[in-house]
Amino acid sequence: MQIPMVDLRIQYQQLKTEIDQALAAVLDSTQFILGSEVTAFEQEIAMFLGVRHAVGVASGTDALHLALLAAGVGPGDEVITSPFTFIATAEAIAYVGATPVFVDIDPQTFNIDPVKIAQAITSRTKVVLPVHLFGQPADLLPLQELCKKNGLLLVEDCAQSCGADYAGTMTGAWGDLGCFSFFPSKNLGCFGDGGLVTTNDDKLAEQLRVLRNHGSRERYHHAIIGVNSRLDSLQAAVLRVKLKQLERFNRQRRTNAHRYSQQLAALGIITPFEDGKGTHVYHQYTILVEDRELLQQALTAAGVSSAIYYPIPLHRQEVFADACAGLSLPVTEDVACRCLSLPIYPELNEEQIERVVEVIRKAANGQR
Ligand SMILES: *Cc1c(COP(=O)(O)O)cnc(C)c1O
């Protein structure tokens, strides 16, 4: 039995009739960029997330980039973020000419530690950019208070947390801006690249709509330099079908995660911690182990995929190494050495979970 990290085929097969019809309708319409399908999706997801505005863009990376541009972040500004995330989070900060300032994470949730942020704030700090890592919301209440107190903007990286709530309010509805990715393997994934920026601020929404479309409010009139980053209609059509299933998908991810945790905890493995402040939607199921290499070898030999998210923290990446020389973030560095993500997706079945656990149990006992 081969068990992959994700299986996108099962989900497509389940929804094939509806998705194919939606795609065919777009092809017939020949409206491919933005258009009514994108507008409908923006309205539906804004309603789902409980935000005033949702602006479709070309990727999650672009969502972060455009959010920072709309917020007026630029050279000389500092943006406080997590070092334990995908490169795109910090890349977007660098794109606008600002400086990422990395603050250590909480050892249990792996999310940025609000207590440690206070010491990192300077007169140049403009934004706090938490990542809701692996699908668990960062500690948004203290983050929001901290931002208010210090006059900072809160921009959420929700690429891994679509449909997760914190204290009953969705991620993406807490900050001044929320940034989502619809990369195929994300909790809400399209059939290519796609992204979204959310906001409750009418002015920021208007600015985002102009920025994503060459800085143009009216065709061939350009008041500012923007970018070409629009969601296309085919992706929006897929997303409209899948959005209706997202709550079910996320429930299934949670059920699967809890099945893993029950069995793995009995083996003495450190399983994902749920802080109980919101809903963890398990974009990844990530454990901490001492002999990661051995375990990964055993899993691979048994046909079970696994992955390391993330092996090198951002402050240790070549591109930021000089700027971060001397910066020590011990929790992140420790977690990066011990974390291992196991297969998790809504359609993963009980038998597959048993199989993964069995391989881990044998590896833990030094057997094959
Ligand atoms: C996937 C991801 C992104 C980037 O999204 P793309 O759509 O691939 O550009 C940004 N941040 C995090 C935390 C992600 O996981």
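Just follow the structure's listing: the first ligand is 1, and inside any ligand the first atom is 1.
For atom 2 (C) of ligand 1, the closest non-hydrogen atom of the protein is Lys186 NZ, 2.6 Å. Shortest contact from atom 15 (O) of ligand 1 to any protein heavy atom: Gln160 NE2, 2.8 Å. Considering only non-hydrogen protein atoms, atom 11 (N) of ligand 1 sits nearest to Asp157 OD2, 2.8 Å.
With hydrogens and angles disregarded, a donor-acceptor distance shorter than 3.5 Å links the side chain of Ser233 to the backbone of Phe32. A side-chain donor-acceptor contact under 3.5 Å links His280 to the backbone of Tyr282.
Listed by number with element, the atoms of ligand 1 under 4.0 angstrom from any heavy atom of Thr85 are 13 (C). Residue contact check: Thr89 has heavy atoms under 4.0 Å from atoms 11 (N) of ligand 1. The contact set between ligand 1 and Gly60, taken as ligand atoms under 4.0 Å from a residue heavy atom, comprises 5 (O), 6 (P), 7 (O), 9 (O). The Ala159 neighbourhood of ligand 1 comprises atoms 2 (C), 3 (C), 10 (C), 11 (N), 12 (C), 14 (C), 15 (O), with distances under 4.0 Å to a heavy atom of that residue.
With a heavy-atom cut-off of 4.0 Å, His283 does not touch ligand 1 at all. Residue Val131 touches ligand 1 through its side chain alone, judged by heavy-atom distances below 4.0 Å.
Between His315 and Glu333, the side chains place a donor N or O and an acceptor N or O closer than 3.5 Å (distance only, hydrogens not considered). Between Asp193 and Ser59, the side chains place no donor N or O within less than 3.5 Å of an acceptor N or O (distance only, hydrogens not considered). In this model, no donor atom of one side chain and acceptor atom of the other lie less than 3.5 Å apart for Glu347 and Gln252.
Atom 10 (C) of ligand 1 has its nearest heavy-atom neighbour, among Ser185, Pro184, Ala88, in Ala88.
The N/O atoms of Thr61, backbone and side chain alike, include one that comes under 3.5 Å of an N/O atom in ligand 1. Not a single N or O atom of Asp193, backbone or side chain, sits closer than 3.5 Å to an N or O atom of ligand 1.
Around atom CZ of Arg219, no more than 12 heavy atoms belonging to other residues, nucleotides or ligands sit under 6.0 Å away.
You'll find the side chain of Thr125 reaches within 4.5 Å of the side chain of Ile80, heavy atoms only. Side-chain contact between Asn187 and Gln160: absent, with no pair of heavy atoms (C-beta onward) separated by less than 4.5 Å.
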